[in-house]
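Just so you know, these numbers use all the heavy atoms, side chains as well, and skip hydrogens, waters and symmetry mates. Throughout, residue positions are numbered sequentially from 1 according to the sequence presented. Order of listing sets the numbers, starting from 1, for every ligand and every atom in it.
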Amino acid sequence: MCNTSCLNTPPVVQSFGKNQDFLARRCIWVNGPVIVGAGPSGLAVGAGLKEQGVPFIILERANCIASLWQNRTYDRLKLHLPKQFCQLPNFPFPDDFPEYPTKYQFIKYLESYAKHFDITPQFNETVQSAKYDETFGLWRVKTISTGGEVEYICRWLVVATGENAEKVVPEFKGLDEFGGHVMHACDYKSGESFRGKRVLVVGCGNSGMEVSLDLCNHNASPSMVVRSSVHVLPREILGKSTFELAVLLMKWFPLWLVDKILLIFARLILGNLGKHGLKRPSAGPLQLKNTEGKTPVLDIGALKKIRSGEIKVVPGIKRFFQGSVELVNGDNVEIDSVVLATGYRSNVPSWLKENDFFSGEGIPKKPFPNGWKGNAGLYAVGFTRRGLSGASLDAISVAHDIAKSWKEETKQKKKSVAARHRRCISHF
Ligand SMILES: Cc1cc2nc3c(=O)[nH]c(=O)nc-3n(C[C@H](O)[C@H](O)[C@H](O)COP(=O)(O)OP(=O)(O)OC[C@H]3O[C@@H](n4cnc5c(N)ncnc54)[C@H](O)[C@@H]3O)c2cc1C
Ligand SMILES: NC(=O)C1=CN([C@@H]2O[C@H](COP(=O)(O)OP(=O)(O)OC[C@H]3O[C@@H](n4cnc5c(N)ncnc54)[C@H](OP(=O)(O)O)[C@@H]3O)[C@@H](O)[C@H]2O)C=CC1
Ligand SMILES: O=C(O)C(=O)Cc1c[nH]c2ccccc12
């Protein structure tokens with residue numbers, strides 16, 4: 001059941017007589033951390049631990065690594081940030097990868113990353129709850145899989161379930177009357193099946209923009225709902241990636257000034273977007289990313305289609321009717337399908353029984369760079385709102401910290417076993 005190759009000792013199945021709950025489950029002691037999630041964050045921590053000889057297990061609800069990338073993204077997806085900001089620690093992208101790798105290249109990279117570090121997660125195993133047992137000073141992690149229910153007992157728990165663990169599906173009045181096809185962007189693969197269709201794309205983040213662009217490229221007619229405001233930035237400024245430029249500028253200037261500089265360039269390169277229905281938020285793009293986690297849109301072609309009218313920008317939704325939608329400005333638009341590009345959320349509050357370290361939104365309360373370490377052996381990786389580069393930084397800190405305390409505790413245990421052994425010998 002357990003991946004014994006990554007455990008120092010074979011899994012010990014113990015039954016605890018007094019507790020009914022314990023009796024129903026198999027109970028496995030893990031001599032090292034339990035990592036929840038086999039996305040880039042979980043893999044990066046695993047790699048760091050492997051390098052330092054610390055045993056661990058990774059529990060993953062899906063049937064593969066990086067399930068967000070493999071199962072919940074559209075075909076045309078490419079990394080938005082240049083490759084040097086997306087690689088995981090100690091294993092660079094192959095030289096022949098382009099500046100912005102495709103999602104297939106990125107998945108291939110992650111597969112070889114797992115292989116290189118010999119990381120073998122336990123798939124199809126969903127963590128249902130994790131609770132710190134004060135009496136024993138241990139974490140109790142309960143999972144469910146096709147093999148039944150298991151409880152893992154460990155000293156360290158690494159939360160790597162991601163900022164995008166669950167889709168956000170808002171409720172809309174009348175949607176049950178609509179009658180057409182409704183899907184979330186995480187299930188959208190390509191515009192192929194939408195040819196000739198009128199599609200309402202709800203949301204104008206990177207997903208909404210790119211789904212709308214993809215629909216245009218497949219001769220569908222998207223209307224994109226922009227209910228509030230959005231920052232759209234060019235992906236490159238003066239031949240340099242906007243993200244890289246922002247990182248460089250942040251070394252010299254305060255965030256508000258970097259925001260101002262980015263917005264000046266955006267205005268010069270993209271023009272006034274207000275006349276197309278894309279109002280900018282009053283807070284700057286980096287400030288908004290930091291405070292609310294709202295990622296600016298990096299334009300890869302949707303703006304051109306908005307300017308040409310191929311993507312129609314429409315205001316917020318009032319309600320749906322059969323075959324149509326009424327907007328807040330009173331307009332009624334006939335549509336065949338709806339794609340909800342309404343974003344994602346963390347699922348940590350649904351399973352982690354703890355409320356000191358994580359907020360109600362399932363994000364560490366302490367801001368970057370201090371949000372990776374909680375109390376009692378609890379860690380978080382990949383919740384920095386800084387994409388893959390933030391996840392890599394977390395992973396390095398977490399693996400290092402756990403290795404340090406694992407080594408200390410293992411040395412301590414070895415010492416006390418040796419002492420016990422000596423006492424036993426002296427009795428003879
Ligand atoms: C469409 C899209 C494009 C993106 N593009 C970029 C980009 O170009 N650059 C960038 O830096 N970032 C990008 N991101 C951000 C993205 O969050 C990161 O790229 C990256 O996937 C984060 O890795 P992670 O391991 O933290 O989370 P995830 O990749 O989400 O992995 C978390 C894993 O945990 C598993 N899991 C969740 N709950 C449980 C549970 N209860 N039990 C067991 N397993 C569980 C999930 O199945 C998943 O496999 C993008 C996000 C999206 C949605
Ligand atoms: N190539 C890449 O690198 C890509 C990266 N990504 C990343 O994935 C993450 C998620 O992006 P995304 O999926 O776009 O989600 P976001 O959270 O960025 O955007 C959600 C959008 O849905 C809108 N929305 C939510 N609820 C409603 C509602 N009830 N009515 C109308 N509109 C609504 C929001 O509007 P409001 O702002 O008003 O709340 C917002 O425009 C981001 O970090 C993004 O950068 C996504 C796609 C491609
Ligand atoms: O695409 C994402 O979700 C990312 O987190 C990448 C990202 C992190 N910080 C940013 C700032 C501007 C644009 C993209 C990102």
Side-chain angles (χ1 to χ4, degrees), residues 35-45 58-62 64-74 76-82 85-86 100-101 103 106 110 121-130 141 143-144 159-172 184-186 201-211 224-231 233 235 242-243 246-247 262 281 285-286 288-290 292-298 300 315-317 340-348 350-352 381-392 394-395:
I35 300 169
V36 188
S41 298
L43 296 176
V45 181
I58 303 186
L59 304 171
E60 168 57 55
R61 67 179 172 184
C64 59
I65 62 157
S67 68
L68 174 69
W69 288 86
Q70 305 223 45
N71 301 334
R72 292 185 285 142
T73 51
Y74 44 89
R76 61 156 294 132
L77 176 66
K78 283 184 181 171
L79 294 179
H80 257 184
L81 311 184
F85 296 105
C86 296
Y100 298 100
K103 82 159 176 178
F106 185 55
L110 292 174
Q122 289 173 216
F123 295 122
N124 303 309
E125 199 162 348
T126 305
V127 171
Q128 286 189 306
S129 75
V141 184
T143 69
I144 183 141
V159 179
T161 45
E163 295 163 341
N164 303 307
E166 309 294 333
K167 57 187 172 191
V168 169
V169 181
E171 278 185 16
F172 293 102
H184 190 273
C186 69
V201 178
V202 186
C204 59
N206 281 300
S207 299
M209 290 276 180
E210 290 187 22
V211 165
M224 186 178 69
V225 174
V226 181
R227 71 165 172 185
S228 58
S229 54
V230 58
H231 275 301
L233 302 174
R235 192 179 62 172
T242 303
F243 186 81
V247 171
L262 292 179
L286 297 182
L288 213 57
K289 176 78 178 158
N290 270 356
E292 288 176 33
K294 202 170 162 184
T295 320
V297 168
L298 293 175
I300 54 159
I317 294 164
L340 298 172
T342 42
Y344 300 87
R345 61 179 168 79
S346 160
N347 66 11
V348 174
S350 71
W351 59 270
L352 184 65
V381 181
F383 295 91
T384 64
R385 292 167 169 165
R386 278 164 177 76
L388 293 156
S389 56
S392 293
D394 278 348

Check each heavy atom of [X] against ligand 1 and say whether those closer than 4.0 Å belong to the side chain, the backbone, both or neither.
X	value
E125	backbone
A66	neither
I65	neither
N164	side chain
N206	neither

Among protein heavy atoms, which lies nearest [atom], and at what distance?
atom	result
atom 26 (O) of ligand 1	S41 OG, 2.6 Å
atom 1 (N) of ligand 2	K78 O, 2.9 Å
atom 1 (C) of ligand 1	T73 CG2, 3.8 Å
atom 36 (N) of ligand 1	R61 NE, 3.6 Å
atom 45 (O) of ligand 2	N206 ND2, 2.9 Å
atom 11 (O) of ligand 1	L388 N, 2.7 Å
atom 23 (C) of ligand 2	G203 CA, 3.7 Å
atom 10 (C) of ligand 3	F243 CE1, 3.5 Å
atom 50 (C) of ligand 1	W69 CZ2, 4.0 Å
atom 9 (C) of ligand 2	N164 OD1, 4.2 Å
atom 23 (O) of ligand 1	P40 CD, 3.4 Å
atom 42 (N) of ligand 1	V127 N, 3.0 Å
atom 47 (O) of ligand 1	E60 OE2, 2.6 Å

Item to check | Per-atom contacts of ligand 3 with P296, taking only distances under 4.0 Å to non-hydrogen atoms | outcome: 12 (C), 13 (C)
Quick one: does [X] get a heavy atom under 4.0 Å from ligand 2?
X	answer
Y74	yes
L77	yes
C204	yes

What about [X]: any of its N or O atoms under 3.5 Å from an N or O on ligand 2?
X	result
K294	yes
F172	no
Y344	no
S228	yes

Below the 3.5 angstrom mark, is there an N/O of [X], backbone or side chain, next to an N/O of ligand 1?
X	result
S67	yes
H80	yes
S389	no

To which of [options] does the heavy atom nearest [atom] belong?
atom	options	result
atom 11 (O) of ligand 2	G343, S207, G205, G387	S207
atom 43 (O) of ligand 2	V168, V202, T295, V230	T295
atom 3 (O) of ligand 3	L81, L233, N164, T295	T295
atom 21 (C) of ligand 2	G208, G293, A341	A341
atom 30 (N) of ligand 2	E210, R235, R227	R227

Please list, in number order, the atoms of ligand 1 under 4.0 Å from a heavy atom of [X].
X	value
V36	42 (N), 43 (C)
A160	32 (C), 33 (C), 34 (O)
L59	43 (C), 44 (N)
N347	37 (C), 38 (N)
G37	33 (C), 34 (O), 35 (C)
G162	26 (O), 27 (O)

Pairwise distance [atom1]([X]) to [atom2]([Y]) - rounded to 0.5 angstrom:
X	Y	atom1	atom2	result
L388	L79	CG	CG	7.0 Å
Q70	C64	CD	SG	4.0 Å
C186	K167	SG	NZ	4.5 Å
I144	T126	CD1	OG1	8.0 Å
T342	F172	OG1	CZ	6.5 Å
F383	T161	CZ	OG1	4.0 Å

Between [X] and [Y], is there a donor-acceptor pair closer than 3.5 Å when you use the side chain of the first and the backbone of the second?
X	Y	value
E60	A62	yes
S346	E163	no
T384	R386	yes
D394	G382	yes
H231	K294	no
R72	N164	yes

Checklist entry - For ligand 2, does A185 get within less than 4.0 Å through its side chain, its backbone, both, or neither, judged by non-hydrogen atoms? => result neither
Checklist entry - What part of H80, side chain, backbone, both or neither, has a heavy atom within less than 4.0 angstrom of ligand 2? => result both
Item to check | Lys/Arg N to Asp/Glu carboxylate O, E210 vs K103, below 4.0 Å | outcome: no
Checklist entry - Judging by distance only, is a nitrogen or oxygen of K289 under 3.5 angstrom from one on ligand 3? => result yes
Checklist entry - Hey, is ligand 3 close enough to L298 that some N/O pair sits below 3.5 Å? => result no
Checklist entry - Going by heavy atoms in the side chains, are L59 and I35 under 4.5 Å from each other? => result no
Checklist entry - Which bit of H80 is near ligand 3, meaning a heavy atom under 4.0 Å away: side chain, backbone, both or neither? => result neither
Item to check | Atom of A341, atom of A185 and distance for their closest heavy-atom approach | outcome: CA-CB, 3.9 Å
Checklist entry - For C86 and L81, which heavy atoms make the closest approach, and how far apart are they? => result SG-O, 3.7 Å
Item to check | Centroid separation H80 to F85 less than 6.0 Å | outcome: no
